[in-house]
Number of protein chains: 2
Amino acid sequence: MFSKRCEYAIKIMTFIAHQQKKSDKKVDVDAISKAIDSPKAFTAKILQDLVKSDLLVSSRGRFGGFSLPDQFNISLSQIIEAIDGKKLLEGCVLGFGTCSEKNPCIVHHHLKSARQHLKIKLQETNLEIIAKRVNEKNAYFKE
Amino acid sequence: MFSKRCEYAIKIMTFIAHQQKKSDKKVDVDAISKAIDSPKAFTAKILQDLVKSDLLVSSRGRFGGFSLPDQFNISLSQIIEAIDGKKLLEGCVLGFGTCSEKNPCIVHHHLKSARQHLKIKLQETNLEIIAKRVNEKNAYFKE
DNA sequence: CTGAAATAAGACAAATTTGTCCTAATATAA
DNA sequence: TTATATTAGGACAAATTTGTCTTATTTCAG
């Protein structure tokens, strides 16, 4: 459903949100990749993309790291779009560039409601909610 | 959402169902790949997989080709599972092998209903329904 | 029986995604 | 100012997915 990069991105963002609930300190790549069990250099690349998409703020140098932008609650759909683009939520499931409501592909209408439902859930679910759940339920970032 | 192979597989199956509504003749790789605008040799590979999964019957030799198994209505979820496996519909969205109802990942519950909805739609939508739509609406297999 | 037309299958090639490594740039403490 | 710890970025490498090519096997018409 999601690319590996996107899976990591969701874990990254959730972990940072979780950490920032506990303290205002920035979080660095090393801490993130250890916490979510992801390859460090690859994680750094994904972090760069998240910064470019303004879903994270980075600061370089000593005691640098990554943090959430101020007053900015981020949804899963924003993360997915930043990493995998609009394809999952907007693109044709059969890959047709020309598929639309008026010119639907053979399965368009059959999956429309399910995709809409998914889209709404991904928009509704934001880091605030997830981080709260993490605190309450002690959910995990790695296996 | 789906792999390229899976996109092709859905088009392949739908096209064969559509053709068989018109005549009982088998359909060959060449006709299929032209109709759905897919690379012929790659299409042949996917057809082999569909045969192995018993979603198609093949016959070799002259006047050979592919046809749907008798009295067997096939759903999108069967096609997807045959090609991409159970990952999309059953696997954890974050890729955790240990994610389950009792031991959910950080987003498990938030996406549960949407994934369930999608699963049901993919189970409900079968070749009979799609082929009917193709006849009525003159939907397309390629751009 | 033979030739032609079809699927089956394995090896290969190209493209994309995933992941690594090295160096540059930057910021801070001492 | 300098050493150190951090992100940024580019080039590279490995793995996976996508796609191709060639040969074997099968079937049927003639």
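A note on names: the letters A, B, ... follow the listed sequences, proteins ahead of strands, and every chain is numbered from 1. Computation of the quantities below employed the complete heavy-atom set of this structure, encompassing side-chain atoms and omitting hydrogens, waters and symmetry-equivalent molecules.
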(message) Heavy atoms within less than 4.0 Å of DNA chain C: which residues of residues 84-97 of chain B have one? Give them sorted by number.
(response) none

(message) Quick check on contacts: within residues 35-46 of chain A, what sits under 4.0 Å from DNA chain C by heavy-atom distance?
(response) A:Pro39, A:Ala41, A:Phe42, A:Lys45

(request) State, with a plain yes or no, whether a side-chain heavy atom of A:Ile130 is found less than 4.5 Å away from one of A:Leu76. (result) yes

(message) Apply side chain to side chain contact (heavy atoms under 4.5 Å, CB included) to residues B:Ile32 and B:Lys11 and explain how you reach the verdict.
(response) CA-CA 9 Å; B:Ile32 294 167; B:Lys11 293 176 191 174; over 6 Å; no

(message) Tell me the closest heavy-atom pair linking B:Pro69 and B:Ile74, and the distance in Å.
(response) CD-CD1, 4.2 Å

(message) Can you list everything that forms a side-chain hydrogen bond (donor to acceptor under 3.5 Å, both in side chains) with B:Thr43? Sequence neighbours excluded, please.
(response) B:Ser38

(request) Flag the pair B:Glu128 and B:Lys21 as a salt bridge only when some basic side-chain nitrogen lies within less than 4.0 angstrom of an acidic carboxylate oxygen. (result) yes

(request) Grab the two heavy atoms, one from B:Cys92 and one from B:Cys105, that are nearest each other, plus how far apart they are. (result) SG-SG, 3.8 Å

(message) The criterion is side-chain hydrogen bond (donor to acceptor under 3.5 Å, both in side chains); which residues satisfy it with B:Ser58, sequence neighbours excluded?
(response) none

(message) A:Phe66: which residues meet the ring-ring contact (aromatic ring centres under 6.0 Å, His included) condition with it, sequence neighbours left out?
(response) none

(message) If you take any heavy atom closer than 4.0 Å to DNA chain D, which residues from residues 3-27 of chain B end up in contact?
(response) B:Ser3, B:Lys4, B:Arg5, B:Tyr8

(request) If a pair satisfies ring-ring contact (aromatic ring centres under 6.0 Å, His included) and one of its residues is in residues 18-55 of chain A, list it, with sequence neighbours excluded. (result) A:Tyr8-A:Phe42, A:His18-A:Phe141

(request) Would you mind reading off the distance between A:Ile32 atom CD1 and D:dT7 atom C1', rounded to a whole angstrom? (result) 11 Å

(request) Write down the atom of A:Met1, the atom of B:Leu118, and the distance for their closest heavy-atom approach. (result) CE-CD2, 4.2 Å

(request) Sequence neighbours left out, what pairs pass side-chain hydrogen bond (donor to acceptor under 3.5 Å, both in side chains) with at least one residue falling in residues 95-113 of chain B? (result) A:His117-B:Ser113, A:Arg133-B:His110, A:Glu143-B:Thr98, B:Glu101-B:His108, B:Glu101-B:Lys112

(request) Walk along DNA chain C from 5' to 3' and tell me the first and last nucleotide with an atom closer than 4.0 Å to a non-hydrogen atom of chain B. (result) C:dA5 to C:dA11

(request) Check DNA chain D against residues 52-62 of chain A and give the residues with a non-hydrogen atom under 4.0 Å, in numerical order. (result) A:Lys52, A:Ser58, A:Ser59, A:Arg60, A:Gly61, A:Arg62

(request) Please report, rounded to the nearest Å, how far the P atom of D:dA11 is from the CD atom of A:Gln48. (result) 14 Å

(request) Run the salt-bridge test on A:Lys119 and A:Glu124 with the 4.0 Å N-O cut-off and return the result as yes or no. (result) no

(message) So, using side-chain hydrogen bond (donor to acceptor under 3.5 Å, both in side chains) as the criterion, who are the partners of B:Lys40 when residues are at least two apart?
(response) B:Asp30

(message) Main chain of B:Leu88, side chain of B:Arg115: is a donor-acceptor contact present, judged purely on distance under 3.5 Å?
(response) yes

(message) Just to verify, what does B:Lys132 make a side-chain hydrogen bond (donor to acceptor under 3.5 Å, both in side chains) with, not counting sequence neighbours?
(response) none

